[in-house]
Every structure is written in C-alpha cells, then in structure tokens.
Amino acid sequence: MSTITTINPATEKEIHTYNLMTEKQAIDRLESCHAAFLKWRELTHKQRAPYLMKMGQKLRDNADELAALMTAETGKLLKDGHTEVELCAAIFDYTAENGPDVLADEDRKQAVNDKRGVISYQPIGVIYSIQPWNFPLYQPVRVLAANLIAGNGCVLKHASICTGSGLRLRELCIEAGLPEDLFQVLVIDHDTSDKLIAHPKVRGVTMTGSDKAGRHIGALAARELKKTVLELGSNDAYLVLEDADIETAVKFSVMGRLYNNGETCVSAKRFIVTNKVYDAFVGAFVAQMQNIKLGDPTDKDTQLGPLSSQAQFDTVKKQVEASVARGAKILCGGEVPERTGAYYPATVLANLTPGMPAYDDEIFGPVASIIRAIDDEDAMRLANESRYGLGGGIFSKDEDRAFKLARDYFDTGMIRINSFGAADPNMPFGGVKNSGYGREHGGFGMKEFVNIKSILLP
C-alpha cells in the first residue's frame, strides 16, 4: 500500500506516515458524505449556524495545538499559525452570523404579469475541495464554512505535506457536533482525485493552487459539466507611486513579501517603483530585508522560517538562479545558509526584464522583484502586463487618486492601498486572468455552489 510521510521542513525529521486510501475507500467516503447531505439539507440556515459557531470555538480552544501542528508540517512561524486559527474561527463566526440573511429567500415581482416571484438559494450536494499546503486550516475552512451554511456536504483532498492538519480539522469539527460524514478528508493520490471529479455525487469542484493545476482540474470538471471555483497563483504588483510615503511603503512591502515565509498567493511579489522614488525606496527596502532574522519558526524572535519542503526550496532556488542567469541582479540574499532545513533567505532582485521567472512567474518564497517604472502611468501599465490578477497594492499619499486607480485601472481582484493584509471574512476574495475565477468570503462564497431557484407563483 502506498503511503504519505509528512516531514518537518525546519528539522528534516519525519512526523507521521499515512496510508493512501484506495479508490473504493475514497468513493465510500464520498457516498457517505452525500447521505449526510440529504439530512443536513433539511435544516434551515438558522439551524445550521450554531454548528459553525461551535466549530469556530473548538478551533480557538485548540489553538496552541493547531498552530504547533501547522508549524511542524509547513514551517510557518508559530505566531502566524495562531493568527491563522483565529482567522478561521472568525470565518465560522461571520458565516454563521451572516449566512441566514445572505441565503434567505428573496421576493421579486414578475415583470410580465406583476405576480409574485421567489428566488431561493438551495444546496446542490457534495462539493469537492482541493487545497494547498500554505494555509493548512484557512484554505479548507473558507470552503467548508460557506458550503455548510448553504446546506452542502464537503469532501477535502488536502496537500500531502499537511495531511495531519486536514485530519485534525475534521476531528475537531466532529467534536464540535458536526455530523460525522458531512465533512470528509481523503488521503489519496492525484489519479484517484481526478476520478472523483467525474463521480456523479460530486456536484461542484473548488481548488486553490497553481494556474497549471487549475487548467487541469478546470478542464476535467468542465468535461463533466460541473461548476468550478479556482483561486490560482499570482505575482501581485505593489506600486510605489511618485508621491508615496517611503517609510509606509517599505514597512508594508517587507511585511507583504515575508508574511507566511513568502508563501502566500496574495503576497506582495513585484514592487513596481517609479523613477522619482526608486533610489529612496530600494535603499530602505534592501536595508530592512537584509536584516531579517532567519531561524527556528517556533522561536518568537524569528522573522522568517523555512520554506514548506525541500521541493519548494529547490523550486525557489532554481527560479532565482534562472533569473540571475538572464541578467537579474541580487541586491541582498540569494545565498543559501549552511544549516539543516529548507531555509531560503530574504532576497531582493533588480534589473528584471520579461522572460525571467522573477518578472513573469510567481515565486512562492521570500524573494522580492524590483521593477523600475518611468512614472505612475508606466507603473500601472507594467502591473497590468502580468498574466495574473489576484491581488495588488498602491502606495500613494493621495488616497483618493489611489482609490480611483485601483477601481478603474488595476486589472486584479483585490487591491490594498497603503497597507498589506491576506484576507478579510467580509470582503470578497478571488482574481481574474490566470489567477482564476469565482469568489470566496464576503457572502459571495456562500452563493457559488447553490441552485439559484426561481419560483413563479400565479
């Protein structure tokens, strides 16, 4: 029988070995989830809400354990793990509090005869959730909460390196009172996962990951005429405009590039800096990046932990080397420390041009790409040249102008002005172009996998 072994990326020590499920075992779990859904759908939204509140509290009650587990499996800073647990609990709370109103029946007059019409948001069945490793709790929770309140069941295939986090999440949900079969976690390989997408009991597929994986999964689901929500990669641009406050821009740029060890889909990755402030920004930014403390992710003084795995380390290292080979200049970092673990230093690259990984692609690690722009207009042009469009940011003292640029011209799904942050339960999350489609959070995710049913009365 094939197995998965999780490895601590900071120590390179094995954590646990899990047996892969057979295709029959996975289908049995899927069909059990469907059976539980048939009962769950009978509850009203208000009756479902208390389950979510209890699940959020259960996460808070076990925050220390969960944070430690995520740090062991993925190398994220322990303090970031605690932040993630609280975000997940807040998502459960938000969904429970707002879901009944968001999903309530809506009365609407028929335009033809002025008779009564009703729009009802009805659950559709089992939603298959395929999630990555960078946020072992948050990624599955944002799907789970929205679909449970809508009345759906959920089957999760988590990334192999955080198998323990996925299984523990399910255990805690059951301890909180959730029907045991309504949320399933499958320990399976990619071939079995592909077969599940075609199973008639799967009614929708949601996936977070690379644009390459998104194309594969989206194509499989489309062939079966199943709706998908895809949140894919990005190389988010943060614009430092001519009137930017340099201290603010540097503060949030460092934070935005290094949060979660730089392994965040909405990390600040490309810093497009106008000529007028280029030297001031780059000098101050590099000074802070080269003083970042790399070390044990459980140490409260550590600012940057290891990458999630040796494979991820190898990918980042190759992307930097390929960029340098094409002419990129290393302003700081780039030299791998001699120590145990998948540690990669905070790195800044400049002199970037199209064709380099640091210019075109997503580097999922603590590597910042500096791109020089002639002026503000040129900065926006360079930002929008990307094939991606998930997040981004603007630094400017003129917030009204920055807002107009963000609203009218920035071709991306989420924009931060003079700040950085990952996600907010009350704001929609998602992107455009190769960053995928569909939205989560802000009430939008609750309606992605429902039957929007029109009922016309005489």
Smallest separation among heavy atoms of Gly218 and Leu230, with atom names:
CA-CD1, 4.3 Å
Above 12 or not: heavy atoms from other molecules or residues under 6.0 Å from NZ of Lys54?
no
Gly305 versus Asn261, closest heavy-atom pair with distance:
N-OD1, 2.8 Å
Pair Asp189-Thr192, side chain to side chain donor-acceptor pair (under 3.5 Å): steps then yes or no:
CA-CA 6 Å; Asp189 60 21; Thr192 301; 2.9 Å; yes
What about the rings of His158 and Phe183, do their centers lie closer together than 6.0 Å?
no
In terms of relative ring orientation, are Trp133 and Phe364 parallel, tilted or perpendicular, with 30° and 60° separating the classes?
perpendicular
What closest approach, in Å, do Val450 and Ile124 show between heavy atoms, and which atom pair accounts for it?
C-CG2, 3.8 Å
Identify whether the distance between the nearest side-chain nitrogen and carboxylate oxygen of Glu175 and Arg168 falls below 4.0 Å.
yes
Heavy-atom pair of closest approach, residues Val286 and Cys332
CG1-CB, 4.0 Å
Whether Asp361 and Arg387 form a salt bridge (side-chain N of Lys/Arg under 4.0 Å from carboxylate O of Asp/Glu) is what I want to check.
yes
Ion pair check, Asp314 and Lys318, cut-off under 4.0 Å
no
Looking only at side chains, do Tyr18 and Ser160 share a donor and an acceptor under 3.5 Å apart?
no
Picking from Gln131, Arg142, Arg439, what satisfies side-chain hydrogen bond (donor to acceptor under 3.5 Å, both in side chains) with Glu231?
Arg142
Closest non-hydrogen contact found for Glu42 with Gln47 is O-OE1, 4.4 Å
Lys293 atom NZ, over 12 foreign heavy atoms within 6.0 Å
yes
Tell me, yes or no, whether the heavy-atom count around Phe444 atom CZ, taken from other residues, nucleotides or ligands under 6.0 Å, exceeds 12.
no
Tell me whether Lys251 at atom NZ has more than 12 heavy atoms from other residues, nucleotides or ligands lying less than 6.0 Å away.
no
Angle class for the Phe271/Tyr238 ring planes (parallel below 30°, perpendicular above 60°, tilted otherwise)?
tilted
Measure across Gly56 and Ala89 and return the closest heavy-atom pair with its distance rounded to 0.1 Å.
O-CB, 3.5 Å
Using distance alone, with no hydrogens and no angle criterion, decide if Thr74 and Ser308 have a side-chain donor and acceptor under 3.5 Å apart.
no
Start with the C-alpha gap between Leu258 and Gln303, add the side-chain angles, then the distance that decides, and say whether side chain to side chain contact (heavy atoms under 4.5 Å, CB included) holds.
CA-CA 8 Å; Leu258 300 184; Gln303 296 171 291; 5.9 Å; no
Could you tell me whether Arg60 and Asp93 have a side-chain N and a carboxylate O separated by less than 4.0 Å?
yes
Look only at the side chain of Asn152 and the backbone of Phe449, and say whether a donor-acceptor pair between them is shorter than 3.5 Å.
yes
Should Glu362 and Lys269 count as an ion pair when the cut-off is N to O under 4.0 Å?
yes
For the pair Asp191 and Lys195, find out whether any cationic side-chain nitrogen is under 4.0 Å from an anionic carboxylate oxygen.
no
Can a donor-acceptor pair be found, under 3.5 Å and without considering hydrogens, that links the side chain of Thr412 to the backbone of Gly391?
yes
For Glu84, the option from Gln139, Lys79, Lys76 that meets side-chain hydrogen bond (donor to acceptor under 3.5 Å, both in side chains):
Lys76
Candidate pair Leu405 and Leu241, rule side chain to side chain contact (heavy atoms under 4.5 Å, CB included), full reasoning:
CA-CA 11 Å; Leu405 288 172; Leu241 301 185; 3.8 Å; yes
Just checking Lys447: does its NZ atom have more than 12 heavy atoms from other residues, nucleotides or ligands closer to it than 6.0 angstrom?
yes
Please name the residue in the list Ile188, Asn19, Thr163 that meets the side chain to side chain contact (heavy atoms under 4.5 Å, CB included) test with Ile4.
Thr163
